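Just so you know, these numbers use all the heavy atoms, side chains as well, and skip hydrogens, waters and symmetry mates. Protein chains get the first letters and strands the later ones, always in sequence-line order, with residue 1 at the start of each. Please read these numbers as outputs of a predicted model, since none were measured by experiment.
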Amino acid sequence: MKAVEIKPDIYWVGAIDWAVRDFHGYVTPSGTTYNNYLILDDDITLVDTVKFDFGDVAASNIISLVDPSKIKNVIVNHIENDHMGSLRRIMNLAKNATIYTTEKGKAGMARFFDISKWDIKTVKTGHELKTGKYTLMFIETPMLHWPDSMVTYVKEAHLLISQDAFGQHYASTERFDDDFIASASEAELEDAVIDYYANILMPFGKLIKAKIGEIKKLGIPVDMIAPDHGFIWRKNPGKVMDMYLNMAGGKTNLRIVIIYDTMWHGTEIMTQPVVQGIKDEGVACKVIKLRATPMSVAIKEFWNSRGCLIGSPTLNNEVYPSVAEFIMHLRGLRPSDRIMGAFGCYGWSGGAVKWLYNEFKGMKLEEVGPGLEINFRPVQEDDKKCYDFGREFARKVKEFHKKYE
Amino acid sequence: MKYECEMCGYIYDPEVGDADGGIAPGTPFEDIPDDWVCPVCGVGKDSFSPVEE
């Protein structure tokens with residue numbers, strides 16, 4: 001798609017990736033975009049690049065606006081491949097450009113490219129770069145979400161170019177929040193924000209609260225947030241900042257998600273009276289079957305819910321492998337403010353449910369024990385056991401949720 | 001007592017210190033200046049927790 005002016009003489013020059021569905025292991029059902037921005041000021045400045053495969057698209061957008069050899073500055077806010085992938089291509093077109101990045105950015109960049117002939121300046125929070133009528137200010141954001149990460153604030157434009165923060169994986173002809181909401185819905189936009197946060201930013205809630213607080217304390221007005229993926233927050237940048245603060249502060253829906261897998265349908269059959277018990281206690285519930293659902297969707301649904309029940313059969317004395325995969329993803333994401341439980345069928349020695357409660361302890365999550373195990377498959381009498389288990393869990397979830405209201 | 005960075009897992013060992021960060025070996029975590037950051041990922045002291053031995 002063609003370049004789009006987002007502020008006077010500041011253009012989106014990125015690319016739309018309609019087809020990507022596997023984003024380093026995350027499922028992106030709506031594709032994504034690689035956003036980067038060109039500032040046509042006295043010193044032509046490019047902020048970020050795009051994934052390598054889309055280098056031509058971004059280059060042609062840049063060329064439609066300016067002779068690229070005139071690019072004076074290239075800002076690298078983040079060194080991950082989908083942001084920095086086309087840097088060498090850009091530097092071949094802009095031979096005299098100076099790169100601005102963080103210290104860790106420069107060190108990491110050397111692992112991707114031969115940087116020996118490039119002029120690279122490292123910056124810290126507060127460093128200002130005048131491009132003409134605009135002044136760029138850099139703000140380091142370590143571990144939001146990599147050590148090298150920073151964001152760029154264009155002072156006179158009140159524009160925050162936020163690399164991954166506030167972004168969404170969503171390919172669209174629309175570039176702005178209000179246009180997308182008008183053509184689709186606010187719920188879809190919110191869902192994309194939550195999906196991104198849950199899968200990538202979940203461990204960093206403490207840093208998010210601190211960083212947004214730091215930005216507010218700087219007193220810098222922000223009336224537009226331009227992330228490197230998805231829609232630019234033109235109409236309501238405050239909304240995505242509030243969503244982030246809420247999620248970082250532990251807010252979520254009073255809802256339960258059951259995430260399970262099954263071998264001969266025993267554990268699956270258990271879910272049915274469990275769900276009925278939850279529903280009769282007045283709590284909405286969603287059921288996710290692993291191997292039928294991508295891990296990143298399961299993670300999003302976990303994040304959308306106050307309570308989570310994990311259902312697993314026991315295989316060779318171990319938890320079922322797909323369930324272990326889910327727990328491994330969850331461990332890395334360092335969840336908090338959620339309450340857990342586990343259930344499942346077993347043949348002889350069991351083990352899955354015990355392993356799960358151990359994991360909940362390791363993740364320091366609230367739990368409702370001891371869980372429910374049934375031998376081989378539920379028989380008629382087990383219906384009530386499962387129903388009561390679900391109902392009791394829902395009661396505990398409602399109680400736990402009160403502290404977040 | 002060792003301290004672990006909650007964000008990246010780096011362990012600060014007081015017996016080793018952090019040479020690049022100007023912290024001599026033998027410096028307890030509590031004595032490290034407040035503006036020191038994790039050498040691996042750059043977050044502040046407030047993201048560190050004591051390691052239970």
If you count the non-hydrogen atoms of other residues, nucleotides and ligands that lie under 6.0 Å from NZ in B/Lys45, is the total more than 12? yes
Is there side-chain contact between B/Met7 and A/Pro203, with heavy atoms separated by less than 4.5 Å? no
Would you say CD of A/Glu128 has more than 12 non-hydrogen atoms from neighbouring residues, nucleotides or ligands within 6.0 angstrom? yes
Give me the atom names and distance for the closest heavy-atom approach of B/Val43 to A/Pro142. CG1-O, 4.0 Å
Out of B/Cys38, B/Cys41, B/Cys5, which residue meets the side chain to side chain contact (heavy atoms under 4.5 Å, CB included) rule with A/Met143? B/Cys41
Would you find more than 12 non-hydrogen atoms of other residues, nucleotides or ligands less than 6.0 Å from B/Glu30 atom CD? yes
Heavy atoms of other groups near B/Asp20 CG, more than 12 under 6.0 Å: no
Below 4.0 angstrom, N of the basic side chain to O of the carboxylate: do A/Lys206 and B/Glu6 qualify? yes
Under 4.5 Å from a heavy atom of chain A, the part of B/Val37 involved: neither
